[in-house]
Amino acid sequence: MPKHFKQYDELDLPKVANEVLEQWEAEDTFGQSLELRKNAPPFVFYEGPPSANGLPGIHHVMARAIKDIFCRFQTQKGKLVHRKAGWDTHGLPIELGVEKELGITKEDIGKTISIEDYNAACKKAVMRYTDVWNDMTRRIGFWLDLEHPYVTYQTKYIESVWHLLKKLYDDQLLYKGYTIQPYSPAAGTGLSSHELNQPGTYKNVKDTSAVAMFKVVRDANSEFLFTPSPWQKGPGNEGVFILAWTTTPWTLPSNTALTVGPKLEYVRIKSFNPYTHEAQTMVLAKTRISAYFSEKNFIDPAAWEASADAYAKDGKHTPWTMDQEFFGHQLEGIHYEQLLPYAQPDQGEAFKVIGGDFVTTEDGTGVVHTAPSFGADDMRVARQHNIGTLTLVDLQGRFTKEMGEFAGKYVKNEYYPVGTAPEKSVDVELSIKLKEMGRAFKVEKYEHNYPHCWRTDKPILYYPLDSWFVRTTAKKDRLIALNKTINWKPESTGTGRFGNWLENLQDWNLSRSRYWGIPLPIWRTADRDEEICIGSLKQLKEEITRSVKAGVMNADPYADFDPADMSDANYDKVDLHRPYADNIVLVSPSGKPMMREADLIDVWFDSGSMPYAQHHYPFENKDALNEMFPAEFIAEGVDQTRGWFYTLHAISTLCFDSVAYKAVVSNGLVLDKNGQKMSKRLGNAVDPFKTLDEYGADAVRWYMISNASPWDNLKFDAEGITEVQRKFFRALFNTYNFFALYANIDSPDLKADVSAARTESDRWVLSRLNSLIKLADTNFTDYEPTIAARAIQDFVVEDLSNWYVRLNRRRFWKGEQGADKNAAFQTLHRCLEVIAMLSAPIAPFFSDRSYRDLTGSSVHLSDWPKHDEQLIDTELEERTALAQKLTSLVLSIRKKEGHRVRQPLQKMMVPVTDATMHKRLEAIQELVLGEVNVKELVIMDANESKLTKRIKPDFKKLGARMGKLMKSVAAAVNAFDQAEIAELEAKGTMKLNIEGQEVEVLRDDVEITAETIPGLSVASDGPLTVALDITLNDALVQEGLARELVSRIQTLRKETGLEVTDRIDLHIRRNGDARFEAAVRHHAKHILAETLAATQVEQILVDQFPNAGSTVYEVALDDEVTCALSLTRSAN
RNA sequence: AGUCCUGUAGCUCAGUUGGUUAGAGCGCUACACUGAUAAUGUAGAGGUCCGCAGUUCAAAUCUGCGCAGGACUACCA
């Protein structure tokens, strides 16, 4: 422990942070903290890799602070917490950035720029801002091993990923399938959902929409639609049609099914075709009738024939009627005639009505035209029902040759080269054709939001493409079950957003037709009969060797590489990216060449593999899996729920049947102070570096954590940081400085046993402190840093600074060395030391400085304090709370009556109704009297006094028993007069007649308080009432004057620049005011002692000042009394 | 469109199993204090607890339907 405690002139948090940071780096405090716990049980933490091709923002300060908090806390709790940094290096954003920089487009790759050069540029670009990131990480105090990060483009990392893919492959969890993906025919490439979410891709466009009529095949399934009806020309003659709407008529030739909602209601309707004016019978959803038929044209079925004959067949006031209602599931299984029979699906069933939950009745007819080739929902539902597909559009976006007169036409006019588009789009032509066929019910322009390719600006198609998938659906139950064991903060994200996502799980589309990413390690023969999945470099080498031997490859490109050598130098000899991986041609068991499947894998698989790949598992650290997996804790933005949180979970479940993390904190966004999202465009983004420079990391972190729970969005307002600085840090700083100041003067014994000397307030503040330790421990353990931060802050500001120090300050500087003084110093020292430890996770710099100043060592090497249940005294805490309330009440009366606190008053009275209260008041009596400057406290027994009493029903207790009668009972109780209150108090029970029922009110059901004390000034707060005797006598007035005088002298001491410990010569000139002079005479000793005056008691009042040259001060003590005095530093 | 989060004083946020007159800090106003002083105390002004309906003796709290802001996912006939 230091002999001398450092004192500071001013609080400069950025400076503290910089100095402490230098100290950490000089001493390698982070390394020491790991070394200290090297044999301790591990607490596994995963750092989610950021992409270093963008600059960090203020939200990263938030995210990284949260991670740091729990890692530091667990270290203090005695765990070994490794924190390996990581970089996410692959993916589309990087490719886009590079293309922009090089001024090229995707089409140039392989033409004007080689894949090799392109990937080299990506590799370079991706680590561009690592220095900035590392700097920010350091500056905010996030302890992370930046020296040995995992990097997803490194060969070792990729090898681990390949191992995982092979594992999935071997378990039949990896397969090639056919899905509908957004596709840009103009650009000739599939688009990721990320690309689809670029700003401006969704545009409002007007397309031709059509309601087509599908003719039902009459059979056992559909017979009910043909039952005779009151309308005479029965449907049997002209058939029954199902109506289905589409905004993309070009998909109608590819229709193979109609989907209805099984639970939706449908109706049979008879009306006229608006184009052919033929009478027709049709089926659509009941709630959609109004979209197509006007209520005023409705005809009762029985009256149909006459009205129908009257119809002018001009498309105006078209009459209609209906007669059957049925559910969608009754329609399932019905077959219909193909609408536009250009081609037939080669497999599966077709032209059947099926059920799908996704069908809505918000627009259209409640029947979905289903072309599985061109819609994701369509494909999914078609698969479930074994419906075949028809893909009558090619990859350029043109109709295929089967399409007869339409063959070769682009399905969207936008795809034609400029100026060559025909006047009528195929949508229009097809609609005309349907009208002519009598199979169109309604054709109109329809405005909707449709995605466009962000590069070519042309509409995208949904198109079936071959992709590799992870069969996550096979493990859906495990994914769900394991998720239930994860501690989600907040819980709702886990059960809600994430849980629902798992419930609706789809297979994971792993394929990306890109260049910069991890290649899929699958090689296939051209006939697709043979394939191999590679799971390690060793295996790859062996296969290459076979290939070379078979003459398929000329030489082994990785000849120098030794699979047994785990050195980085060895691994640097291998690059598995494209085009190198593509250049490898393997040989199949039957001797055929095998080419690599051209796809890369989704970058999300990269980051989801990090628990294993960061340690090059299983090629290295094979037996250490238990020590690095699963994580105890991870944290990222809530936007990662279906990103990293999901991929970690999916890979760990599929490969290891385990969770990847036991607890996850999903943090919210950092918005600007108006609640707007920060963006460069709006210019409201906060620069993290400027913020750190200005306020220091501690204040920024404390503000962020104490202001809102991590998962709530934070409205970032710099004024909030100032407030945190002002309130919390300054209170702590002042308290420490106060301690240091007097500790240095007095050198108290901080080791002595003072347990017997601890005062009531010592024990109180220690009790509060131990309660706080317990609370902070629980909440940090449970990932609730906000609750912990607020509690710590409240303790420091209210309990420690505003109460304990204020009340006890004179113990630190008055009187002799001894047990009492030591007790005070030890208590304060302990509080400051513990606060440093509790706040260390959140404010790592200031707490470290403070802890080092107090103890000489780093707080981050300390053990988390254990709370001592013995020291927690709730009765004492309640008693003190009572004292605080009482004090506040008395001060409020003084204020009301105009008596300043320095004027002593004779007595205060508190009526009590029970023994506990009585005992408490006795215990706090002295404390309160000193605090409010009153001579005596009279505790009055409310039962014996003439106090007016007030009665209030306790709604909670009484309500539970009274139920419906509560209102009346409460009214009756409130109406009690003094006699009735007395009776209830005496008997403990009272019978009442309420609404004809007899009810019993018990003493415990009500709260009885003494309300007023006649003739005295009174204040009350809830059940607590206090009365103050405000009459003054000469003695009180004199004492008040003496105190005023002391106060003036103290001010003068300070103003004239005297040190706290300087002694003075003090003289006061007689002013002829009898009361004043009497006051000085009677209280001379007190005045001299308080002001550290060396003057003799009898010399204090003088007619003339002894030192002719000394400055004379005129001071006013109140409105009437003024005096002159002189004070100089004493030679003694 | 779906899922989830948020909505309480001018601002930032508490508010327990439903219980009387909904709280704190900041800010504002007034006064006090002046050896903790960029602090502190007391008092005051400031509320449609987002809205509507329901359950209940009793709703900020529970339920339903909406509204607004936000996030993610999807993009649909």
Side-chain angles (χ1 to χ4, degrees), chain A residues 10-11 182 193 196-197 202 209 211 244-248 251 258-259 358-360 362-371 375-378 448-451 462 490 492-493 495-501 503-504 637-643 668-669 671 673 675-677 706-708 711-715 717 719-720 722-723 725-727 730-731 734-735 737-738 786 790 793-794 797 801-802 805-806 809 813 887-888 891-896 898 900-902 952-960 962-970 974 1007 1047-1048 1050-1051 1053-1054 1058 1060 1090-1091:
Chain A
E10 54 169 2
L11 175 63
S193 58
L196 228 47
N197 280 323
Y202 279 86
S209 74
V211 175
W245 178 64
T246 178
T247 56
T248 52
T251 61
L258 292 172
T259 308
F358 64 91
V359 179
T360 68
E362 272 162 35
D363 43 26
T365 62
V367 180
V368 177
H369 141 63
T370 303
D377 279 338
D378 300 36
H448 62 155
N449 220 3
Y450 198 83
Y462 289 87
S492 60
T493 304
T495 53
R497 187 189 285 197
F498 195 68
N500 289 331
W501 164 260
E503 294 290 343
N504 298 314
V638 69
D639 56 348
Q640 294 295 334
T641 306
R642 288 160 189 183
L669 299 169
L671 308 170
K673 65 178 178 181
Q676 296 295 307
K677 205 176 167 179
S706 65
N707 194 11
W711 37 89
D712 289 332
N713 289 346
L714 173 70
K715 287 183 195 163
D717 186 353
E719 285 196 25
T722 321
E723 191 183 325
Q725 268 181 339
R726 240 187 13 235
K727 294 216 68 116
R730 189 170 297 279
N734 284 336
T735 306
N737 255 5
F738 170 81
T786 305
R790 287 175 181 172
Q793 182 169 313
D794 286 348
V797 175
S801 172
N802 271 355
V805 173
R806 189 163 53 85
R809 48 193 347 271
W813 57 277
T887 304
S888 159
L891 291 175
S892 125
I893 299 174
R894 276 183 170 277
K895 160 81 184 154
K896 195 167 65 189
R900 47 184 58 167
V901 181
R902 272 194 298 272
K952 270 165 109 185
D954 183 331
F955 275 67
K956 203 167 177 175
K957 279 182 191 150
L958 209 50
M962 298 300 160
K964 284 190 195 224
L965 295 174
M966 183 59 203
K967 236 174 214 163
S968 317
V969 174
N974 280 326
E1007 199 172 72
S1047 154
R1048 299 300 181 273
Q1050 300 288 35
T1051 310
R1053 279 185 61 114
K1054 195 174 152 200
L1058 290 167
V1060 174
E1090 285 293 308
T1091 59

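Sequence lines set the chain letters: A, B, ... in the order given, protein chains first and strands last, and positions in each chain run from 1.
- The phosphate of C57(B) has OP1 or OP2 within less than 4.0 Å of a side-chain N or O from K964(A).
- Between K952(A) and the phosphate of U20(B), there is no side-chain N or O to OP1/OP2 separation shorter than 4.0 Å.
- The shortest distance between the side-chain N/O atoms of K727(A) and the OP1/OP2 oxygens of G25(B) is not below 4.0 Å.
- For G25(B) and A39(B), the C1' atoms lie 15 Å apart once the distance is rounded to whole Å.
- The phosphate of G27(B) (OP1 or OP2) has a side-chain N or O of R726(A) nearer than 4.0 angstrom.
- When heavy atoms are screened at a 4.0 angstrom cut-off, T493(A) is found touching no nucleic acid atom at all.
- Across the C1' atoms, C67(B) and A24(B) are found 29 Å apart, a figure rounded to whole Å.
- A donor-acceptor contact under 3.5 Å is formed by the side chain of S801(A) with the base of A36(B).
- For the pair E723(A) CD and G27(B) P, the computed distance is 7 Å after rounding to whole Å.
- Within the 4.0 angstrom heavy-atom criterion, base atoms lie near G959(A).
- Annotation: side chain of P490(A) is in contact with side chain of T493(A) (closest heavy-atom distance under 4.5 Å).
- Between R900(A) and C33(B) there is a side-chain polar atom (N or O) within less than 4.0 angstrom of OP1 or OP2.
- Of the listed nucleotides (U42(B), A36(B), C75(B)), U42(B) has the atom at the smallest distance from the side chain of K895(A).
- Of all nucleotides listed (G25(B), C5(B), G70(B)), G70(B) comes nearest to the side chain of L669(A).
- OP1 or OP2 of U42(B) has at least one side-chain nitrogen or oxygen of S888(A) nearer than 4.0 Å.
- Look at Y462(A) and you won't find any side-chain N or O under 4.0 angstrom from OP1 or OP2 of C75(B).
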